[in-house]
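Notes for the one structure printed next.
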Amino acid sequence: MSGTAHAVPMGRHTPRSADGRILEDVVRAAADRCGASHWRLRADGFWFRVLPPQHADRVQGWKLHVSATPLSAPLVLARVAPILIEHRCAFKFARTLEEVFELVSMRASRGSGGKFVTVYPDDDEQLRVLAPLLDEATYELPGPAVLSDRPVRAGSHVFYRYGAFRGVRVLTNDGTYEVRLQGPDGAAVKDNRDAWFNPPPWVPRPFPQDPASAAARVRPQAVLLAGRFEVRAAIRHANRGGVYRALDRESGANVIVKQARAHVGSALAGLDARDVLRHEAAMLERLAPTGLTPHLVSVFEAQDSVFLAEELVAGQSLEQWTLGLLGRAADRGIDAQDARRTALMLVDLVARVHEHGLVLRDLKPGNVMVSEDGAVLRLIDPEYVAVPGTPSVVARTPGYCAPEQRQESDRYAPAPRPSVDLYALGATLCFVATGAHPYLILDEEPRRATQQRLVALLRKMARGNAALHRLLPLICGLMRDEPGERWDLGRARGFLDAWPAGEPLIASGATDLAGECDRVLRDGVDHLCASADFDARPGPWRSSGFGESTDRCSVQHGTAGVLLVLARAAALLGGDRVLETVDRAARALADGVERLPRILPGLLFGSSGTAVALHAAAGVLGDDRLAGRAIDLALRVPVDWPNPDVCHGLAGAGIGQLLMWQATGDPRFEERAMRCARGLIAAADRGAGDGYWPIPRDFDSELAGLAQPGFGHGLAGVAAFLLAAGRHSGDERCLELARGAGRTLVAEAAVDGDGLVLWPNSRGEDPDAVNFMRMHWCSGVSGIGTFLVRLWQATGDERIGALARQAAATVAVNRWQHSPALCHGLAGSGEFLLDLHEADPGGGHLAGAEAVADAMLARTVRREGRLLLADDSLMDVVPDYATGLAGALGFLLRLRFGASRLLTPPLAGAARLPQSAGAVTA
């Protein structure tokens, strides 16, 4: 995971109870004054909608956006609302000041940032009438530029864009819901929400003076800032502005140029991102005598933005440097002497900043550069460095901010005391020793002490890691909850100076893995039952972020995945509450499927896994009618599809059909599975079988063109299905393609001197350049291993067996850098290790699976008295199968009680797993 800074926009935090109705009250008062009390005014999540009587949304058209800052928002709304009501025009606005803060945040989406009011004209003529009126009304009021739109005049805070009003809601080929445009031919067309003006080519411009056509014919020119800095490349783009690599024409040196856009990150205090960047420049000047920071070259303004040009620091970030030293065996840690030397340099860096009367506030591995020879550390991005007690923008990086920083509720608050840097220093040393960010989700009340949980986590991580063993007393001393109890820098330096004498290794002792597993299983299943809301749409369990946009009947983020695991729990654990939840969830899912606009083939993002889950639930419940509904759904799954992969496509459909055939004996499923296989054979004949089955470039998918070796989206998953289909049917072409995939994976495997293996993330990539964290089921080692163990079992080819064991060794020594989740985390690795144990019971792979479970259990969080596992962000608990709690519980159930692997072609003649896990010792 990346140690991303979670900077909070500047401005005094205003509780929702105080400001929640300010903007709504402004509009209600305007409606009363304009005699519009009969209009429909309603809250709608993030937005508040204002609709005239008998209003009917258009499908799409040119719309207007009015930007504002949190400070100007009430006045902007007070001026534009009467105009819009007078012209009987529908509009919406961000419901509270909290939402306005989000829209102008430095971390907001570049495609939606700043859109405070959205206006939905009845037609283009009304748009042309309203645009100048709204522009005049907001002329002197501040607001950020809306990057996806074009201003109605230069410098205006009123913008226009062509997009969906009601739109056409579609379930895409990727299993996500999108609101799309309707093209001239009636087809649904993606509504591109880019961070630049990009209307569909068939739409006439609403304003005759629109220069779009002429601008499109101008060849892009090199960007020259301040007549001096020639931009060569963009390092990153964000709502606050870009960061660029540039050439300083005056000195001939390469520099970094940072941009801060006007009114982004705007606060009630009147400050914004430009002030933050000016502050960073001041800190660079103040710290210049230390040599710790880049040399400040220039600060200048252009086009309402402030720019900062600074020296380009050679080397790599401490994060990249650490991962490079760790290589492929992260759990072993870096060399102890490298750890000591780096720790001394970090202590010195913090001390020198403190000597200048400053506090860092956001020390982390990504903000420290290591010189090319590894002998010098320098501090970059000192935007949060401040004098203690002075008003400053609040910054919180999870895992690195001290407890007292997490308790700050303000966006703009007095800078804390230097003791927060001691905590961050300890967290940074933890990363240096392990490559893992020390994330721990805060418990709900009553909370376990963070320090107590952290020590328990670090003790587990220290097994086999000499550097962490040595640093453990220092890290724990620095990361104490109470600021006054943290080791000071003098004590830290003394500890490191005494290093040659050695510190006693701290024994971690034995872990009662079986007891911990049982507690987490009991609490997790209970949580899934208790959190189900069967009155909710689109499903009884919530997801988060991207998951909320997907088909909520599917396995990946939806009801089917949770149901699948609860059905397994009901079969293994029993319990009336679990059975009742399975019953109600299955019926809700079966009804939800009938409301789907289309049936998609994928195993995780389509309806193949949904049918398998429904059938599993029917078996536990003994419900023949429900089983019939599952069979009907499985028979409606498409078995011809351009995307060949498991998650979204044809191989996933094939696996689903095979599993339904295995469960029912219905020959229709056998025939349909072989239709999927024939489709993949045909794709191989068209050139897709040269080691990969790429997703066609012309397919309407975010994954178009992807060609990976992994299981979820690539070669290993397709080959695993073909192998299973060939073994069931005897079709030699299926078997040969599976063997060919094995030869490709053998050829592309990059094995190091310790016998650890990596594959390229996608075709043509250098496997040695792949980050060691690419271990996952979806695209990495554990998914590839899942296929290899099946191929080894089918062919007896010892080259394949050896490679599968090397894959197992690789995931077994990379546990602490990953979440407990299935798709992108430890549960997927654990499932693979159990597969290999079934195929090779004497190979010691069960111990590896138990060690993976032990790492998962170190990431528990308390919710309503239950111990639950974190999701793949390590920041939340969500029920999801692939990225959350359910899939992790599925692995633990298999580990403890033995069962086949869910949603995966079975191993033939596998040994039954043991009934319980034992103790894990140091």
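Salt-bridge check for Arg49 with Asp57: failed, with every basic side-chain N at 4.0 Å or more from each acidic carboxylate O. In summary, Asp591 and Arg595 do not engage in a salt bridge, as defined by a charged side-chain N under 4.0 Å from a carboxylate O. The existence of a salt bridge linking Glu102 and Lys115 is excluded, since no basic side-chain nitrogen approaches an acidic carboxylate oxygen closer than 4.0 Å. The residues Arg153 and Asp135 are annotated as salt-bridged, a charged nitrogen and a carboxylate oxygen being separated by less than 4.0 angstrom. Taking 4.0 Å as the cut-off between side-chain N and carboxylate O, Glu125 and Arg128 count as a salt-bridged pair. Arg42 and Glu24 are not joined by a salt bridge, as no carboxylate oxygen comes within less than 4.0 angstrom of a charged side-chain nitrogen. Lys190 and Glu178 are joined by a salt bridge, as a carboxylate oxygen and a charged side-chain nitrogen come within less than 4.0 angstrom of each other.
No more than 12 heavy atoms of other residues, nucleotides or ligands lie within 6.0 Å of CG in Asp304, so this atom counts as exposed by the packing criterion. Within a 6.0 Å sphere centred on CD of Gln303, heavy atoms belonging to other residues, nucleotides or ligands number 12 at most. When the shell of 6.0 Å around OH of Tyr139 is examined, it contains 12 or fewer heavy atoms from other residues, nucleotides or ligands.
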Test Trp39 against Arg88 for side-chain contact (heavy atoms from CB on, under 4.5 Å), laying out the working first.
CA-CA 9 Å; Trp39 281 45; Arg88 296 181 59 80; 4.3 Å; yes
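Checking each of Val66, Val100, Val80, Thr69 against Phe116 for a side-chain contact (heavy atoms from CB on, under 4.5 Å) leaves exactly one that passes, namely Val100. Here the rule is ring pair (Phe, Tyr, Trp, His ring centres under 6.0 Å) with Trp62, and of Tyr120, Tyr160, Phe207 only Tyr160 fits it.
For the pair Thr610 (side chain) and Cys553 (backbone), a donor-acceptor distance under 3.5 Å is present.
For His65 and Phe159, the distance between ring centers is not under 6.0 angstrom.
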